[in-house]
Amino acid sequence: MNLIGSRKHLLSMKHLSNEDIHQLFSITREIEKGHPEAPFNGRFAANLFLEPSTRTKSSFHIAEKRLGLEVLHLDGNDSSITKGESLYDTLKTLESIGVELAVVRQSEVGLLNTCAEDLDLSLINGGDGCGEHPTQSLLDLYTIDEQFHSFRGLRVAIAGDLKHSRVARSNAYALTQLGAEVSFVTKPEWQDPSLTTNYITMDEAVDRCDVLMLLRIQHERHDQTTAPTSYLEQYGLTKEREARMKDHAIILHPAPVNRGVEIDHELVESRKSRIFRQMKNGVTVRMAVIRALLKGEL
Ligand code: CP
């Protein structure tokens, strides 16, 4: 794993080779087979969530506990960050008192990279604003791999609020590196400067893709709200569009889902949807990442 700093951190999908990704899948499958797993009994992790989260925070908690770790939880309201302490000083403090792994969600793109250089604890990016979300990407990739067993030539369409989506960015890097044909669907004003090519319409996407990856509209990062009905009809997955998808095609969404906006309410739990499978896989994939970082398995 080509990681920033002491090769202990997971901050960006740009730092993982294809071999690293497949090695993490292999560890995930080993964990799924039910090998006894509590290798880190008596050791400490901290989850520092300065932006809201349900899935990432909860699945890291379960992953850490299943690996035997004791878990500290800090947020923006109950830590000394409210008194002005920096993120670096917070992490250095946790390291000083015995924490070996920290999962951090916060809003400033690139901030974790600067912190990681001088930290001995392992740092995992749990989502940095509009930057990246590497463990979400890994669980998405694992869910795709369960279905197709290869990425080469796979047609993946990433659709939605690209400009504000850390999930889109992490997945676009990784899927392209793995050999998938990645295209994008969005409103003109939500195109991302780092994702410059392969823009198609939603109708083209449903006709050709093997994987349709929908993104949440991130209203909290917008100046104005988008009318839900017109978005679903123009850019979202309606029942009519879903019926045109290839029989083997699957639907992903990192969630939380705006039901009836990015996707018709009834399709969220439909045959092609892997949305709740993604969440299930998130626990074991995160166990694999933690194990790989703490045991130096990559
Ligand atoms: N997909 C995801 O990151 O969800 P949360 O914001 O609930 O963690």
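Order of listing sets the numbers, starting from 1, for every ligand and every atom in it.
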Check: Strictly under 6.0 Å, is that where the ring centroids of H61 and H73 end up?
Finding: yes

Item checked: Protein contact of atom 7 (O) of ligand 1 - nearest heavy atom, named by residue and atom, plus distance -> T54 N, 2.8 Å

Item checked: T135 and R286 side chains, donor-acceptor separation under 3.5 Å -> yes

Check: Any luck finding a side-chain donor-acceptor pair between E132 and S170 under 3.5 Å?
Finding: yes

Check: Using the ring of each side chain (for Trp, its six-membered ring), is F184 parallel, tilted or perpendicular to Y199, with breaks at 30° and 60°?
Finding: tilted

Notebook entry, point to check: Under 3.5 Å, N or O to N or O, is Q136 touching ligand 1 that way?
Noted result: yes

Checklist line | Heavy-atom proximity to atom 6 (O) of ligand 1, best of Q278, R105, K57, R55 | finding: R105

Notebook entry, point to check: Is the closest heavy atom of A255 to ligand 1 under 4.0 Å?
Noted result: yes

Notebook entry, point to check: Would F148 and V211 satisfy side chain to side chain contact (heavy atoms under 4.5 Å, CB included), going step by step from the backbone distance to the final call?
Noted result: CA-CA 10 Å; F148 296 102; V211 178; 3.7 Å; yes

Item checked: contact_flag E51 ligand 1 heavy-atom lt 4.0 Å -> no

